[in-house]
Amino acid sequence: MHKNFKGIEKTVFGRGSYAQLVSIVDERRHENDHFALFLVDNYFKGKNLTIPAKPEDIVTYMDVDPEEPTTVQVDGLRDQVKASKGIPSAVIGIGGGSIMDLAKAVSLMFTNEGSSQKYQGLNLIKKPGVYHIGVPTISGTGAEVSMTAVLTGPEKKLGLKCEWTVFNQVVLDPDLIASVPRDKWFYTGMDTYIHCIESRDGILNNAYSTAFGEQALALCREIYLGDKSGQTPENNEKLMVASLMGGLSLTYSEVGIVHALSYGLSKILGTKHCYANCVAFQHLGDYYPEGVAEFNEMIRKHQITLPKGLAKEWSEDTITAMAQVAIRLEHMWNHAIGTDWKSKVSLDTVKDLFRRL
Ligand code: NAD
Ligand code: ZN
């Protein structure tokens, strides 16, 4: 079966395009109970970012925590808003992957009964959600384009994954990412770079995923290695586009060993997604030789220091637990190593990979 995915319905791109959010939201105001729900990263509280809310709207500033968004948080927010005002005309997420995933999930839970916990998985959602709009303020994860909203539940950390999860609209204003601190700019941007390398270096690579991936890689090289590298307005434009294209590349191909190890680190140790990818990637030169060599150049150029020797502090149980999480992501190993991956990769192989970190 070939992958058959829905894309974002509408995209506005360009510096200053955030000003159009007001009219984009206004167009939806006739729907449901005539108010908008804005979910905004707490970083912007008291900052110079105008939220285009009317008196009837709800604006909620949210902290970002490695373990969030959670199913409990999503259900609580939905119940609270429903009880006080009803069903919004639009849900707008202004922030990084965490806030955008929260917005996607809350939108779906206004129209699907019960707890979000029971919808964690593929195509379990029954009905389309409320119109939802993503406004990224940090770029790299591709959450603005993906068909999943990653949630931490009581039993598992797993996405609400279906075609209705995809945003109806995204607003890509590169000026919004200008304030991202340098270290987060690096790690989150490297998530895009790693998406493209993993998408390319595996059996599911195809002309469609490669076209997006190659373009995103070229942009990453300009942003992180070029003569004009760094956090400039021009590079912020490029990074927003790279993030989106990297997300599309992996959607039509797959991620690989870096993400498998990264999920182990996140699940067992609570390490943030993009940072965990960087921590793992530096040690995987035998699997991704060109990618790791170029990544190391970027590290040097931007004087980023990644930890080494972490595994010395980990118990055997911790390493086993992380390896178990990683090896269960069979689709990633299949893509990276090949259909016969089980004859080449055992739990011990994966434990040894963690021992490199
Ligand atoms: P994030 O949303 O976790 O935010 C990272 C930090 O950057 C926060 O402290 C935030 O306050 C800060 N920040 C955001 N914008 C800023 C700005 N303009 N200026 C200054 N600081 C700013 O970031 P992320 O790395 O984009 O997202 C990680 C999350 O995304 C994880 O929860 C992960 O599970 C999820 N994720 C989702 C997908 C998907 O496809 N849905 C893919 C990868 C990761
Ligand atoms: Zn990623």
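For this chain, numbers begin at 1 and follow the sequence in order. These values consider heavy atoms only, across backbone and side chains, with no hydrogens, waters or symmetry-generated copies. For ligands, and for the atoms within them, numbers begin at 1 and follow the listed sequence.
- The existence of a salt bridge linking Arg355 and Glu316 is confirmed by a sub-4.0 Å separation between a basic side-chain nitrogen and an acidic carboxylate oxygen.
- Cation-pi geometry between Lys85 and Phe35 is met: under 6.0 angstrom from the ring centre, within 45 degrees of the axis.
- In the hydrophobic clustering, where aliphatic and aromatic side chains (Ile, Leu, Val, Met, Phe, Trp, Tyr) are joined below 4.5 Å either directly or transitively, Val135 groups with Val12, Tyr18, Leu21, Ile24, Val25, Phe38, Val40, Tyr43, Phe44, Leu49, Ile51, Val59, Tyr61, Ile92, Ile94, Tyr131, Ile133, Val171, Leu176.
- For the Zn ion (ligand 2), the set of nearby N, O or S atoms under 2.8 Å includes none belonging to Cys274.
- For CD of Glu330, the number of neighbouring non-hydrogen atoms (other residues, nucleotides, ligands) closer than 6.0 Å is greater than 12.
- In this structure, the side chain of Ser346 engages the main chain of Asp348 through a donor-acceptor pair within 3.5 Å.
- Protein neighbours of ligand 1 below 4.0 Å, counting non-hydrogen atoms: Asp41, Tyr43, Phe44, Val64, Glu68, Gly96, Gly97, Ser98, Asp101, Lys104, Thr137, Ile138, Thr141, Ala143, Ser146, Thr148, Val150, Leu176, Ser179, Val180, Pro181, Lys184, Thr188, Lys272, His273, Cys274.
- Within His259, the N, O or S atom lying nearest to the Zn ion (ligand 2) carries the name NE2.
- The Zn ion (ligand 2) lies closest to atom OD1 when only the N/O/S atoms of Asp191 are considered.
- Aromatic ring pairs are classed by plane angle as parallel below 30°, tilted from 30° to 60° and perpendicular above 60°; the pair Tyr187 and Tyr275 is perpendicular.
- Taking the six-membered ring where tryptophan is involved, the planes of His302 and Trp185 are perpendicular, since the angle between them exceeds 60° and thus also 30°.
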